[in-house]
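One structure is given below, encoded as structure tokens.
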Amino acid sequence: RKEVEQDPGPFNVPEGATVAFNCTYSNSASQSFFWYRQDCRKEPKLLMSVYSSGNEDGRFTAQLNRASQYISLLIRDSKLSDSATYLCVVNNRGGSYIPTFGRGTSLIVHP
Amino acid sequence: DTAVSQTPKYLVTQMGNDKSIKCEQNLGHDTMYWYKQDSKKFLKIMFSYNNKELIINETVPNRFSPKSPDKAHLNLHINSLELGDSAVYFCASSQDGGGGEKLFFGSGTQLSVL
């Protein structure tokens with residue numbers, strides 16, 4: 001089982017739609033969780049951190065379920081500019097923290 | 001000013017050559033990383049340095065040798081390049097490697113080995 005797993009998609013949705021991605025992780029001792037966004041041929045950039053209590057930033061909501069070992073990202077009212085790959089990142093504690101990326105979920109928002 | 005800068009942006013070379021990629025961050029961060037993103041877009045950590053000391057080395061062939069002359073720089077030297085080394089290499093930094101802080105990435109180096 002991969003450490004961090006995501007459905008690669010692509011998720012193809014119309015503008016204005018609500019779309020959700022999940023990410024599962026295998027290490028129950030994982031400490032911290034993030035969603036990054038990567039545009040084509042660009043570097044990943046932090047979208048939001050994920051907290052146990054859940055957190056919201058505008059149209060984006062992230063949730064963590066430690067019992068089932070997954071995190072989720074919900075995007076409401078999708079915009080064309082939301083088209084990108086969304087990367088789940090889990091910090092695993094070994095001797096040091098290792099930021100481990102999922103393969104990413106591709107989102108395409110069409111008019 | 002670019003926070004994390006890496007050079008070159010593109011690198012095209014022949015099999016068997018030796019090449020280097022440079023990375024510098026001006027954020028005052030203590031921890032720097034090298035990631036490899038292959039053709040399937042999977043970002044895999046290669047190395048991490050904290051204050052010039054190697055802290056993560058993830059089963060990378062020893063043809064790859066990172067060097068950190070100071071905490072603001074982490075360079076990657078690759079010997080005897082192979083076709084399978086073709087990928088995008090990203091440098092990143094974080095505040096102290098403590099696990100809760102975000103990563104800042106450079107814009108990537110597209111390496112093509114012919």
Side-chain angles (χ1 to χ4, degrees), chain A residues 2-11 21 23 25 27 29-53 55 57 62 64 71 83-108, chain B residues 2-7 9-10 21 23 25 27 29-60 87-112:
Chain A
K2 291 193 178 67
E3 287 189 71
V4 181
E5 292 206 62
Q6 295 182 250
D7 179 349
F11 285 63
F21 312 132
C23 165
Y25 59 94
N27 187 343
S30 296
Q31 301 281 319
S32 51
F33 309 86
F34 306 88
W35 283 102
Y36 280 71
R37 171 191 168 132
Q38 186 174 26
D39 293 289
C40 189
R41 300 185 185 279
K42 299 282 191 182
E43 71 274 21
K45 292 184 180 176
L46 180 71
L47 180 65
M48 57 199 305
S49 303
V50 188
Y51 305 119
S52 296
S53 53
N55 49 304
D57 182 3
L64 165 64
I71 68 172
S83 298
T85 296
Y86 291 84
L87 300 160
C88 167
V89 181
V90 174
N91 264 326
N92 293 321
R93 178 83 193 199
S96 320
Y97 285 101
I98 302 175
T100 303
F101 282 73
R103 194 174 290 275
T105 297
S106 176
L107 172 66
I108 301 169
Chain B
T2 306
V4 181
S5 58
Q6 52 182 111
T7 56
K9 191 167 176 63
Y10 300 98
I21 308 172
C23 180
Q25 53 96 3
L27 297 166
H29 288 169
D30 286 340
T31 303
M32 296 184 73
Y33 310 80
W34 277 109
Y35 280 84
K36 177 181 180 181
Q37 189 167 42
D38 60 25
S39 56
K40 296 183 179 177
K41 308 300 182 190
F42 186 37
L43 259 170
K44 192 168 166 58
I45 192 165
M46 301 173 69
F47 301 102
S48 172
Y49 270 70
N50 181 276
N51 241 325
K52 302 191 298 176
E53 287 194 25
L54 179 67
I55 55 172
I56 297 170
N57 182 342
E58 289 286 300
T59 58
V60 178
V88 181
Y89 292 83
F90 286 101
C91 175
S93 73
S94 66
Q95 185 71 45
D96 57 15
E101 72 276 8
K102 72 181 198 177
L103 297 173
F104 291 79
F105 282 86
S107 57
T109 296
Q110 170 86 59
L111 172 64
S112 299

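Letters go in sequence order (proteins before strands), and every chain restarts at 1. Side chains included, hydrogens not; waters and symmetry mates left out as well; all remaining heavy atoms used.
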> Is the side chain of B:Tyr35 donor-acceptor paired with the backbone N or O of A:Phe101 at a distance under 3.5 Å, no angle test?
Replying inline: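 No.
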
> B:Phe42: what forms a ring pair (Phe, Tyr, Trp, His ring centres under 6.0 Å) with it, not counting sequence neighbours?
Replying inline: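 With neighbours one apart ignored, the set is empty.
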
>> Run the ring pair (Phe, Tyr, Trp, His ring centres under 6.0 Å) test against B:Tyr49 and tell me which residues pass, sequence neighbours left out.
In response: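 By the ring pair (Phe, Tyr, Trp, His ring centres under 6.0 Å) rule, B:Tyr49 matches no residue at all.
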
> For B:Ile45, is it the side chain, the backbone, both, or neither that has a heavy atom closer than 4.5 Å to a heavy atom of chain A?
Replying inline: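 Only the side chain of B:Ile45 comes within 4.5 Å of chain A.
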
> What part of B:Ser107 is in contact with chain A, defined as an atom under 4.5 angstrom from a non-hydrogen atom: side chain, backbone, both or neither?
Replying inline: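 Looking at B:Ser107, backbone and side chain both touch chain A.
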
Rounded distance [0.5 Å steps], [atom1] in [X] versus [atom2] in [Y]:
X	Y	atom1	atom2	value
B:Lys41	A:Leu87	NZ	CG	11.0 Å
B:Leu103	A:Phe34	CG	CZ	7.5 Å
B:Lys44	A:Arg103	NZ	CZ	10.5 Å
B:Gln37	A:Gln38	CD	CD	4.0 Å

>> For a side-chain contact (heavy atoms from CB on, under 4.5 Å) check, start with the C-alpha distance between A:Lys42 and B:Phe105, then their side-chain angles and the critical distance, and finish with the verdict.
In response: CA-CA 10 Å; A:Lys42 299 282 191 182; B:Phe105 282 86; over 6 Å; no

> Under the side-chain contact (heavy atoms from CB on, under 4.5 Å) criterion, do A:Ile98 and B:Glu58 qualify, and how do the steps go?
Replying inline: CA-CA 10 Å; A:Ile98 302 175; B:Glu58 289 286 300; 3.9 Å; yes

